[in-house]
Amino acid sequence: MEVHSSFIQSRQVTPENPNSKLPIFPSHTQFFKQTAAHQPFDIIPLKTNTFAWNALLQSHINAGHPHLAVLAYRDMLVAGVLPDRHSLPRALAASRLTSVFFTGKQLHSHVLKLRLLRDSYVLSALMELYSQFSGVDSASSLLFHSNPQNPIAYTILARLYLMENNPDSALHVFYQLAASGVKLDPMAVATAAKACGQMKSTRDGKKIHDLAKESKLDCDVLVANSLLKMYVECGRTEEILALFDLMPHKDAVSWTTIINSNVQNGSFNEGLKLFRAMVVDGIKPDEFSVSAVLPACARMAARKHGMEIHGFIIRQNIEMNCAVQNALIDMYAKSGSINNASKVFDRMTERDTVSWTVMILGYSLHDHGDLGVALFLEIENNAGTEPDGAAYSAALHACGTSCIVDQGEKFFKLIWLKHSEPEHCILMARILARAGRFVNVRAFLKEHYMEQDLDALRAVLDGCRIHSNRRIGRQMAEQLIELNPLNAENYVLLSNIHAANGNCRKAKEVREMMVDMGLKPKKACSWIEFRCKIHAFGTGDVSHPRSERIYWELKRLMERMKEEGYVSMEDFSLHDVEEERECTPFGHSEMLAIAFGLISTQSNTVIRVTKNMRVCRNCHESAKMISRISEREIMLRDPDRFHRFVDGSCSCQDIW
DNA sequence: CTAGGGTTAG
């Protein structure tokens, strides 16, 4: 076939093939000189066989070699073939991808000479080109000077505005399209919905929704998915559910969007349920779906659910891309299996910044700040990965966990020079406070104008708790109340400090102040996974079916502990003040969950309990002793970290 | 033979 052989021949004209008998074009400069003079157009005979050339241009672009496409376009001219409306969009795209505006401008002149500007493909390519090199507004004038009769160029322009974070203009473009009388299509509506989402404007979003209904496009799965996402971004729970229920055809994207919406809003269980409902509904979850549901397992420390999903991914042959593996690492680390997390990490063939970040944070959560720091230093040995702000945050967190002050200061200086956020200052304050350097930490906060920051003050207060510095602790708690008088936790903290100082009168006053203001502290709660169900306990909870047996077990344990010399101690990390007094010493939710674990699970397994608040000193001491008495490993996860109790001691070495 | 859209991890 003649066409075919010319394709093969022209393919040989590449810099990689120096032995080719065909001429080779050594540099772009020569090309520019010749085309700049438009000589080819004066000398070439009119040939119309463009098909093979266009296919060649396309294949170079698809292969990620736009510079070869530019060279091939040049060969095409030399071979006497006149470019057509199929060649120029490809050549324009190639020049845009090689980031050489000059080539693009040359091609623009070809467009004009060949009178191709009325072709909408050519116009789109020119718009993309000019948008990249001289701003979206130049693309806009191109569009409005040629008035094409299809919605695609409008959609492209709207997307270009969205890329510049200008959703207002994007929406304006869409309305001009709607007003022009050209028929709307799904992609145009989807782009408009995205603009509304970016603006977080439900009002505009509903307008788009109505417009979609008028054009009978609201049942289109693409349009519906984009509207769904728009309502998610606007935080409109009712609209999300209403739309989702009404959708006649739901695909994996629809389900993923709604799962993600629940998980982001903290409805982790609901997210898991939806994932199962999706499978039951016959829609196969893809890599996006599992990446959306795994964080729910991570946040609930639902290790078994997470492992089940890991198995599901393998069985269903879901693509194990970077995002999925990152989500798995995070899930394993956050649900207590740091070994599984590092197994996944080690087996990854390609890692991105997130992979390193979640792994470092995982080590930090498990008291291995040293491993986290070592891992961070390893990133530099991996070409192509540059640590970002979040990676530095993880490294600083690791330094705080293991009190590695010097290295932490080095990291902080590095990120401070690049681009620092308040978060990094708070983490630096955490490092200093946990190391007991109270003079340094206050000077640091003053230097960085962070003395009024709630999280920074809480970090200092944590240090005070660890080092029993009640004087500064009291100041911090008082300042917290002053800055945030509506947060009940702050009153609890101050009241507990007064109590720890032996000042019961003041402790009572603070509690009463809190009650008078109608503030209620968060309820403590602990849970444990058993037989695929989550068993949750509140403080002094007696609602569990096996309650009697649980309390009996706790009583037995307390007696054993007293024999071994256990004494309860003063603590200023208590929480739920009113309930505390009724149920101490062993009614705390984590104790109930641990006791339930002891009586329900096999003796060789780890007891894994999760708590929504920090564990108090008494329970921490008790858990240590229980691990020895009952010869069981106990993992206790709180919002900040893991405690691993083995044979009478804890992985945190009593610093938490 | 060509252009535009919706979902993911810290």
Side-chain angles (χ1 to χ4, degrees), chain A residues 3 7 50-59 61-62 84-93 119-128 148 150-160 162 173-174 177 185-195 197 220-230 232-233 251-261 263-264 285-296 298 318-319 321-331 333-334 351-362 364-365 387-394 397 423:
Chain A
V3 169
F7 179 85
T50 57
F51 185 92
W53 286 101
N54 295 342
L56 176 65
L57 294 180
Q58 190 68 49
S59 72
I61 291 170
N62 291 347
D84 64 3
R85 63 198 180 87
H86 292 286
S87 330
L88 274 154
R90 292 166 163 103
L92 285 162
D119 183 88
S120 66
Y121 289 88
V122 175
L123 172 69
S124 307
L126 272 172
M127 283 168 60
E128 300 255 18
N150 78 35
I152 296 176
Y154 288 88
T155 309
I156 292 172
L157 183 61
R159 180 188 46 114
L160 292 170
L162 287 181
V173 171
F174 176 77
L177 166 66
D185 73 354
M187 293 196 196
V189 181
T191 309
K194 186 177 180 163
D220 181 276
V221 70
L222 170 68
V223 170
N225 285 344
S226 66
L227 289 168
L228 209 52
K229 173 76 176 163
M230 179 273 296
V232 170
E233 283 183 331
D251 64 4
V253 176
S254 334
W255 283 97
T256 303
T257 306
I258 196 157
I259 289 170
N260 192 40
S261 138
V263 175
Q264 299 290 327
D286 59 9
E287 60 272 25
F288 290 100
S289 323
V290 293
S291 306
V293 74
L294 280 170
I318 293 170
E319 192 197 327
N321 63 17
C322 212
V324 172
Q325 295 179 95
N326 293 347
L328 280 171
I329 295 171
D330 194 47
M331 179 276 292
K334 294 220 166 88
R351 303 186 184 104
D352 62 9
T353 323
V354 179
S355 324
W356 296 91
T357 307
V358 292
M359 197 63 238
I360 293 168
L361 221 43
S364 190
L365 280 176
D388 60 4
Y392 271 97
S393 293
H397 194 276
E423 185 188 307

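What you see is a predicted model; the values in this text were computed from it and never measured. A note on names: the letters A, B, ... follow the listed sequences, proteins ahead of strands, and every chain is numbered from 1.
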If you measure only the distance, is there a donor-acceptor pair under 3.5 Å linking the side chains of A/Ser59 and A/Asn62? no
What contact category does A/Ser120 fall into here, base, sugar-phosphate, or nothing, at under 4.0 angstrom with non-hydrogen atoms? base
How would you label the contact of A/Pro295 with the nucleic acid (heavy atoms, under 4.0 Å): base, sugar-phosphate, or nothing? sugar-phosphate
Over all strands shown, is A/Val354 touching base, sugar-phosphate only, or nothing at heavy-atom distances under 4.0 angstrom? base
When all nucleic acid strands are considered with a 4.0 Å heavy-atom cut-off, which category describes A/Ala391: base, sugar-phosphate, or nothing? base
Pick base, sugar-phosphate or nothing for A/Ile156, based on heavy-atom distances below 4.0 Å to the nucleic acid. sugar-phosphate
Base, sugar-phosphate alone, or nothing: which one does A/Arg159 contact when heavy atoms must sit under 4.0 Å apart? sugar-phosphate
Between A/Asn260 and A/Thr257, a side-chain donor and acceptor under 3.5 Å: no
Partners meeting ring-ring contact (aromatic ring centres under 6.0 Å, His included) with A/Tyr154 (sequence neighbours left out): none
Hey, does A/Thr357 reach any base, or is it just sugar-phosphate, or nothing, if we go heavy atoms under 4.0 Å? base
Heavy-atom distance under 4.5 Å between the side chains of A/Glu423 and A/His397, does that happen here? no
Hey, does A/Asn62 reach any base, or is it just sugar-phosphate, or nothing, if we go heavy atoms under 4.0 Å? nothing
Regarding A/Asp388 and A/Thr353, is there a side-chain donor-to-acceptor distance under 3.5 Å anywhere? no
Footprint ends on DNA chain B, 5' to 3', for atoms under 4.0 angstrom from a heavy atom of chain A, come out as B/dC1 to B/dG10
Select base, sugar-phosphate, or nothing to describe what A/Gln264 touches, counting heavy atoms under 4.0 Å on all strands. sugar-phosphate
Within the 4.0 Å heavy-atom criterion, would you say A/Ile152 contacts the bases, only the backbone, or no part of the nucleic acid? base
With heavy atoms under 4.0 Å as the rule, sort A/Asn54 into base, sugar-phosphate or nothing. base
